[in-house]
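This report refers to the structure that appears directly beneath it.
This one's a predicted model, so the numbers in the text were calculated from it and none came from an experiment.
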Amino acid sequence: YHPFILLCKGDTMHIFLIRHGESIANNGSNYIKRIPDHLVTLSDNGKRQAHEAGIWLAKYCEEKCICLDNARIWRSPYCRTRQTSEEFNDSLHISDIREDITLIEQQFGLFDSIPKEEWGRLFPREYEEYQRQRQNYGKFYARLPLGESPFDVAIRVHQFMGTIHRDYEKHGIDTLFVFTHGTTLRAFLLRWFHYSPEWFHEERNPKNCWIREIRDHKDCGYINL
């Protein structure tokens with residue numbers, strides 16, 4: 001049972017792109033522990049953020065009469081996105097929860113769990129080459145040493161979009177809550193709306209638990225600022 005299910009399925013598709021709550025990497029406490037990125041957890045503050053944002057989003061869906069009887073949660077399999085989705089779902093009450101590896105964070109390679117100001121000191125040659133690529137090609141195409149570029153993230157995220165279209169056409173899944181990461185969220189928008197690399201350069205990274213709505217192929221922006 002869901003408290004605000006509508007009687008009939010609408011024809012509108014809604015996609016809510018949600019960045020995870022504050023993690024122990026975001027607040028700097030993982031720089032000493034160096035926990036692998038996929039195991040990084042939410043901070044206590046991040047759990048509160050996610051719980052409160054979930055309450056807000058449930059009310060938003062109710063006020064906008066967004067049908068949730070054909071809704072699905074998709075999430076990155078990283079620990080912090082799983083935790084974020086669970087906090088949100090305390091209010092959304094969606095039983096259909098799935099994971100997709102294409103939704104994971106950009107791979108930082110050698111620089112994983114290291115403060116940016118330390119990259120050059122710890123890996124001077126690799127950092128120099130990375131900076132050269134940024135200058136020559138721009139940050140969208142520059143690949144982190146042993147990691148990914150935003151371009152790489154955009155390519156893999158595009159694979160996930162086929163799942164969205166198939167599920168909508170074959171199974172009527174018309175409302176999606178996608179829990180992911182900052183770069184991945186922006187890469188999704190770039191591919192979905194065919195935005196340019198220049199757009200990506202200018203687009204700021206969303207803050208923790210920011211929610212971006214796509215309604216019938218319209219970019220509605222972040223709705224909980």
Side-chain angles (χ1 to χ4, degrees), residues 15 17-20 22-40 74-81 100-164 178-212 214 217-222 225:
I15 302 175
L17 301 174
I18 304 159
R19 188 188 176 198
H20 59 79
E22 181 191 78
S23 71
I24 60 172
N26 296 142
N27 67 16
S29 59
N30 193 42
Y31 292 150
I32 296 176
K33 297 178 181 179
R34 295 292 304 276
I35 296 172
D37 196 29
H38 69 287
L39 297 178
V40 166
W74 280 103
R75 65 190 185 188
S76 155
Y78 279 19
C79 184
R80 57 191 180 274
T81 42
D100 195 288
I101 58 173
T102 64
L103 296 173
I104 65 172
E105 176 62 294
Q106 178 183 5
Q107 301 295 285
F108 283 85
L110 283 179
F111 300 158
D112 184 33
S113 299
I114 298 174
K116 284 187 177 181
E117 56 270 19
E118 293 291 304
W119 291 0
R121 183 182 67 83
L122 294 175
F123 303 102
R125 291 185 178 180
E126 293 84 355
Y127 181 70
E128 181 181 359
E129 174 59 23
Y130 174 63
Q131 288 296 90
R132 187 189 69 81
Q133 289 190 32
R134 279 178 62 99
Q135 293 170 6
N136 289 345
Y137 309 117
K139 69 178 182 180
F140 182 72
Y141 298 106
R143 183 172 287 123
L144 292 161
L146 300 181
E148 292 180 302
S149 65
F151 170 80
D152 295 324
V153 178
I155 293 300
R156 61 169 159 83
V157 165
H158 185 68
Q159 300 175 48
F160 173 65
M161 295 177 180
T163 299
I164 293 177
V178 181
F179 294 87
T180 185
H181 309 263
T183 299
T184 312
L185 190 155
R186 289 179 291 149
F188 185 104
L189 291 165
L190 179 140
R191 292 311 304 264
W192 190 268
F193 293 107
H194 301 284
Y195 290 148
S196 68
E198 290 77 18
W199 173 88
F200 190 92
H201 277 243
E202 298 296 326
E203 180 70 11
R204 59 179 170 169
N205 206 39
K207 293 185 179 181
N208 298 115
C209 285
W210 276 14
I211 304 166
R212 191 140 179 167
I214 299 172
H217 303 286
K218 176 184 178 182
D219 186 354
C220 301
Y222 295 106
L225 299 182

Please tell me if the side chains of [X] and [Y] come closer than 4.5 Å, counting only heavy atoms from C-beta onward.
X: Thr184; Y: Ile104; value: no
X: Ile214; Y: Cys220; value: no
X: Leu122; Y: Ile114; value: yes

Note to self: Please verify the inter-ring angle class for Phe123 with Phe111; under 30° counts as parallel, over 60° as perpendicular, anything in between as tilted.
What the structure shows: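 Ring orientation of Phe123 relative to Phe111: tilted.
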Any donor-acceptor N/O pair, [X] side chain to [Y] backbone, under 3.5 Å:
X: Glu22; Y: Asn208; answer: no
X: Glu148; Y: Gln106; answer: no
X: Trp210; Y: Leu225; answer: no

Item checked: Atom pair OH/CG of Tyr127 and Leu110 - distance to nearest 0.5 Å ->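 Reported value, rounded in 0.5 Å steps: 14.0 Å.
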Note to self: For Tyr222, is the OH atom crowded, meaning more than 12 foreign heavy atoms sit under 6.0 Å from it?
What the structure shows: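 Yes, the 6.0 Å shell around OH holds more than 12 heavy atoms from other groups.
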Note to self: For Ile155, I'd like to know if atom CD1 has over 12 heavy atoms of other residues, nucleotides or ligands within 6.0 Å.
What the structure shows: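 Yes, enclosed.
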Give me the atom names and distance for the closest heavy-atom approach of [X] to [Y].
X: Arg191; Y: Ala154; answer: CG-O, 3.4 Å
X: Arg121; Y: Pro124; answer: O-CD, 3.7 Å
X: Thr81; Y: Arg75; answer: O-CD, 4.5 Å
X: Arg186; Y: Arg204; answer: CD-O, 3.5 Å
X: Ile35; Y: Ile24; answer: CD1-CD1, 3.7 Å
X: Ala142; Y: Pro150; answer: O-CD, 4.1 Å

What residues, two or more places apart in sequence or in another chain, satisfy ring pair (Phe, Tyr, Trp, His ring centres under 6.0 Å) together with [X]?
X: Tyr78; answer: His181
X: His217; answer: Trp192
X: Phe200; answer: Phe140

Checklist line | Tyr195/Asp219 under side-chain hydrogen bond (donor to acceptor under 3.5 Å, both in side chains): CA gap, chis, key distance, verdict | finding: CA-CA 11 Å; Tyr195 290 148; Asp219 186 354; 2.9 Å; yes
Assess whether a salt bridge exists between [X] and [Y], defined as any Lys/Arg side-chain N lying under 4.0 Å from an Asp/Glu carboxylate O.
X: Glu203; Y: Arg212; answer: yes
X: Asp37; Y: Arg80; answer: yes
X: Arg34; Y: Asp112; answer: no

Next item on the list: Would you please indicate if the ring centroids of Trp74 and Phe160 are separated by under 6.0 Å?
Entry: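 Between Trp74 and Phe160, the centre distance is under 6.0 Å.
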